[in-house]
Structure formats: structure tokens, C-alpha cells
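Read through the structure below, which is laid out as C-alpha cells, and then see the notes.
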Amino acid sequence: MKIASFNINGIKARIGALTDWLDEAQPDVALLQEIKSVDEGFPRELFEDRGYVVETHGQKSFNGVAILSKHPLEDVSRGLPGDDGDEQARWIEATVVGNTHAVRLCGLYLPNGNPAPGPKYDYKLAWMARLEARARQLLADEMPALMAGDYNVIPQAEDAANPKAWETDALFLPQTRAAFRRIVNLGFTEAFRARNQAPGHYSFWDYQAGAWEKDNGIRIDHFLLNPACADLMQDCQIDRAIRGREKPSDHVPIWVELAL
DNA sequence: ATGCCCCCCTTTGGGGGA
């Protein structure tokens, strides 16, 4: 089963780019971030026509996550636990049932956090603490589980073309990286790095200053797999070429192939 | 580190992103 994550930066602006990629890449599941749409505005029939079931957790103008799946989804849950007052749509969960295993899927859009320091950075760190709490539960469960999406975290210097430029940025501050590492170190496998240790692999290139043309990218979209899920991983890749197309998102898809 | 893009509800600009 091929499970992909893609920050599309607005569903309305990305309909063509998204459907083209779906038709070619043929993921069984696509976890989408930044749909920037309310649930009623999401063009679900475009995906239902392609054989996907659609679950959204939308919000007006900003954020918003969704799951598209060619297999039935069960136990859908919206919102990251731990703060009932959090209005931002950044988390959706569901269980997808394969032939041999069921897998718990968590799609996430972690806060950017800039400028740091400040209230937005405080929100990012608080959100990451809630993420850690949910991650601990997923580890305790025996069911294979993954958390995938736009983490807005550059884990290591080799995950940026120009790490110097990110030193004071919320995506790369020591506190951000420590919070991410703390979650991984609970026992998760960072899927891409488990299969590829080379520098120069990115998932985001800014629209500005010719970042794509200069390959001035960063790797901020990640899959974290619990041990039962890591045992099923057969591949993990980043669809880099998508960034060079017409009217692209500033992110590209990343996907894992799981044996189920 | 700013040479862009997306959203809103618009006619002219503001908020937000990474």
C-alpha cells in the first residue's frame, strides 16, 4: 500500500496539479495539508470519481488537513488532543484496513512558529508537546501507526541547502529540533532517513528568490513510523520533480510503500 | 531572507506562510 503526504498550499489553486499527480503516482492513500478550505468547499467529487473516500478537517482560509483513501477508513478523528480551545485544523486520524494489517494514519500540519521568539513559537512548542503525548499512545498500541505531514522542522543541517540562513528560524532552532528528536527517540522510525542518508534531499522550495532554480530547499515533510509500522516499510521517496511543474505547491509529495 | 503565492472579499490591500 502506497501512502503519500502532500502539503498542497490551497485546494482551489492546486486542483490541476493535485489530480495530475494522483493519476500518475496512484497512491492508495494521500494525506493532504493546507487545504485552506472549509469542509463544504472541498471538491470531494473530484476524488470520489477517482475511487477515493474523502475525509476532511477544514478551516476557512488557513490550515486544513484531509485524507483521501482507495480503501475504507474507520474511526476518523479530527483535532490533536490536549487543548480543547485550539481552533486550528491541523490534525486528522483514521484507520485504513489493508489485506493483512490495519494501520492508524495521522495526518498533521505542524505550526510554522515564526517569528521566534513570540506567541506563535510558543504555540508551536506547545503543539509539539501535545504531539509527543499522542505519539506515546501510538507506541503503546500494538497496531501499526504512522504520523505524516508538514512538520515545519528541519531535523539536521544536511536537510537544508543553506543551513546558515535558517539558524534563527522557528523551523531550525535548537528547541524545535530537540522537540522533534525527542518524539523520534521514543521509538519512531523517520522513514526517509532510514532508507537514504544522503544530503541534498528536500521537500520544500520557497516561491521567492529563485529557490527552486537554485535548489535552495529544505526537508520538512516527514513520515514517522511506530515499530510495528516500520517493520512493514518497503520504500520511502520524495517526488521532487513535482516542484518543477505548472502552478506547483511550494512542497512536493513524500510517500512510503508498506507491505499490507 | 525575500526577487512569491494563497486566501479573503473584493476593486486595492491585508494576513499569513516557510
Side-chain angles (χ1 to χ4, degrees), chain A residues 5-21 32-43 46 56-66 86-91 107-125 127-128 131 148-177 179-180 192 200-222 238 240 242-254:
Chain A
S5 167
F6 192 2
N7 179 323
I8 56 174
N9 189 19
I11 184 63
K12 296 172 191 72
R14 217 62 63 209
I15 283 173
L18 177 58
T19 53
D20 285 353
W21 167 73
L32 305 179
Q33 301 91 41
E34 280 206 273
I35 63 173
K36 295 186 176 180
S37 162
V38 293
D39 296 332
E40 308 78 62
F42 193 82
L46 273 175
T56 59
H57 181 37
Q59 177 182 342
K60 191 177 178 181
S61 302
F62 309 119
N63 309 317
V65 288
D86 188 354
E87 302 284 314
Q88 301 190 28
R90 298 178 173 275
W91 180 269
L108 67 99
Y109 175 44
L110 204 149
N112 173 310
N114 281 305
K120 292 189 175 178
Y121 193 57
D122 295 341
Y123 175 66
K124 177 174 195 158
L125 293 178
W127 204 94
M128 292 183 85
L131 177 61
D150 177 0
Y151 278 76
N152 273 316
V153 174
I154 304 167
Q156 304 287 351
E158 56 265 35
D159 298 312
N162 183 12
K164 269 270 176 217
W166 297 93
E167 269 180 353
T168 61
D169 192 283
L171 279 64
F172 193 55
L173 282 174
Q175 241 186 314
T176 305
R177 297 162 59 196
F180 180 77
F192 187 80
H201 290 278
Y202 312 125
S203 65
F204 169 90
W205 295 259
D206 202 296
Y207 289 121
Q208 299 187 66
W212 168 246
E213 287 74 15
K214 297 174 189 165
D215 196 21
N216 182 15
I218 51 177
R219 195 174 68 88
I220 56 175
D221 297 86
H222 309 298
I238 298 172
R240 170 190 175 91
I242 296 298
R243 186 63 177 80
R245 297 206 173 166
E246 288 286 304
K247 220 166 148 41
S249 171
D250 39 10
H251 294 251
V252 297
I254 172 174

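In what follows, chains carry the letters A, B, and so on, assigned in the order in which the sequence lines appear, proteins first and then strands, with residues in each chain numbered from 1.
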**Request:** Give me the residues of residues 204-211 of chain A where at least one heavy atom lies under 4.0 Å from an atom of DNA chain B, by number, or none.
**Result:** F204(A), D206(A), Y207(A), Q208(A), A209(A)

**Item:** Given DNA chain B, 5'-ward residue of the pair G113(A) and I35(A), judged by closest heavy atom
**Value:** I35(A)

**Prompt:** In whole angstrom, what separates Y151(A)'s OH from dA18(B)'s P?
**Reply:** 15 Å

**Audit row: L46(A), I15(A), side chain to side chain contact (heavy atoms under 4.5 Å, CB included) steps and yes/no** = CA-CA 9 Å; L46(A) 273 175; I15(A) 283 173; 3.5 Å; yes

**Rounded interatomic separation in angstrom, taking CG from L110(A) and C1' from dG17(B)** = 14 Å

**Request:** Check K12(A) against K36(A) and note the closest heavy-atom contact, atom names and distance.
**Result:** NZ-O, 3.7 Å

**Prompt:** Using a cut-off of 4.0 Å on non-hydrogen atoms, how would the nucleic acid contact of D250(A) be classed: base, sugar-phosphate, or nothing?
**Reply:** nothing

**Asked** Considering all heavy atoms of both residues, which atom of I238(A) and which atom of R219(A) are nearest to each other, and what is their separation?
**Response** CD1-CD, 4.2 Å

**Message:** I need the CG-C1' distance between L171(A) and dA1(B), as an integer number of Å.
**Reply:** 13 Å

**Prompt:** N216(A) CG to dA18(B) P: how many Å, rounded?
**Reply:** 16 Å

**Prompt:** Counting distance only, does the side-chain N/O of R14(A) pair as donor-acceptor with the main-chain N or O of K247(A) below 3.5 Å?
**Reply:** yes

**Prompt:** Is D39(A) salt-bridged to K60(A), going by a charged N under 4.0 Å from an acidic O?
**Reply:** no

**Request:** For Y109(A), answer base if it contacts any base atom (sugar-phosphate contacts may also be present), sugar-phosphate if it contacts only those atoms, and nothing otherwise; contact means non-hydrogen atoms under 4.0 Å.
**Result:** sugar-phosphate

**Prompt:** If you take all heavy atoms of A161(A) and Y202(A), which pair is closest and at what distance?
**Reply:** CA-OH, 3.2 Å

**Message:** Mind checking if A13(A) touches a base, just sugar-phosphate, or nothing, with heavy atoms under 4.0 Å?
**Reply:** sugar-phosphate

**Message:** Could you go through W212(A) and D250(A), starting from their C-alpha distance and side-chain angles, then the distance that decides it, and tell me whether this counts as side-chain hydrogen bond (donor to acceptor under 3.5 Å, both in side chains)?
**Reply:** CA-CA 9 Å; W212(A) 168 246; D250(A) 39 10; over 6 Å; no

**Item:** C1' atoms of dG17(B) and dT11(B), separation to the nearest Å
**Value:** 24 Å

Any N/O pairs under 3.5 Å between the protein and nucleotides 11-16 of chain B? List them or say none.
none

**Prompt:** Taking the same atom, P, in dA1(B) and in dG14(B), what whole-Å distance lies between them?
**Reply:** 26 Å

**Asked** How would you label the contact of N152(A) with the nucleic acid (heavy atoms, under 4.0 Å): base, sugar-phosphate, or nothing?
**Response** sugar-phosphate

**Prompt:** Roughly how far apart, to the nearest Å, are dG3(B) and dC7(B) at atom P?
**Reply:** 22 Å

**Request:** Measure the distance from CG on D169(A) to P on dA1(B) and round it to the nearest whole Å.
**Result:** 12 Å

**Request:** Any chance you could measure H222(A), atom NE2, to D150(A), atom CG, to the nearest 0.5 Å?
**Result:** 8.5 Å

**Request:** May I have the distance from E246(A) (atom CD) to dC5(B) (atom P), rounded to whole angstrom?
**Result:** 12 Å

**Request:** Report the distance from atom CZ of F172(A) to atom C1' of dA1(B), rounded to the nearest whole Å.
**Result:** 16 Å

**Message:** Can you identify which nucleotide, out of dC8(B), dA18(B), dC6(B), has its nearest atom closest to the K247(A) side chain?
**Reply:** dC6(B)

**Prompt:** When the P atoms of dT12(B) and dC5(B) are considered, how many whole Å apart are they?
**Reply:** 24 Å

**Item:** Comparing K214(A) and P248(A) on DNA chain B - which has the more 5′ nearest nucleotide
**Value:** K214(A)

**Request:** Just name whichever nucleotide pairs with dC4(B), Watson-Crick or G-U, keeping both distances under 3.5 Å, else none.
**Result:** dG17(B)

**Prompt:** Which atom pair, heavy atoms only, marks the closest approach of H251(A) to D221(A)?
**Reply:** ND1-OD1, 2.8 Å

**Asked** Atom CG of N162(A) and atom C1' of dA18(B): how far apart are they, to the nearest Å?
**Response** 14 Å

**Request:** Return yes if some donor-acceptor pair links the side-chain N/O of R245(A) with the main-chain N/O of A17(A) below 3.5 Å, else return no.
**Result:** no

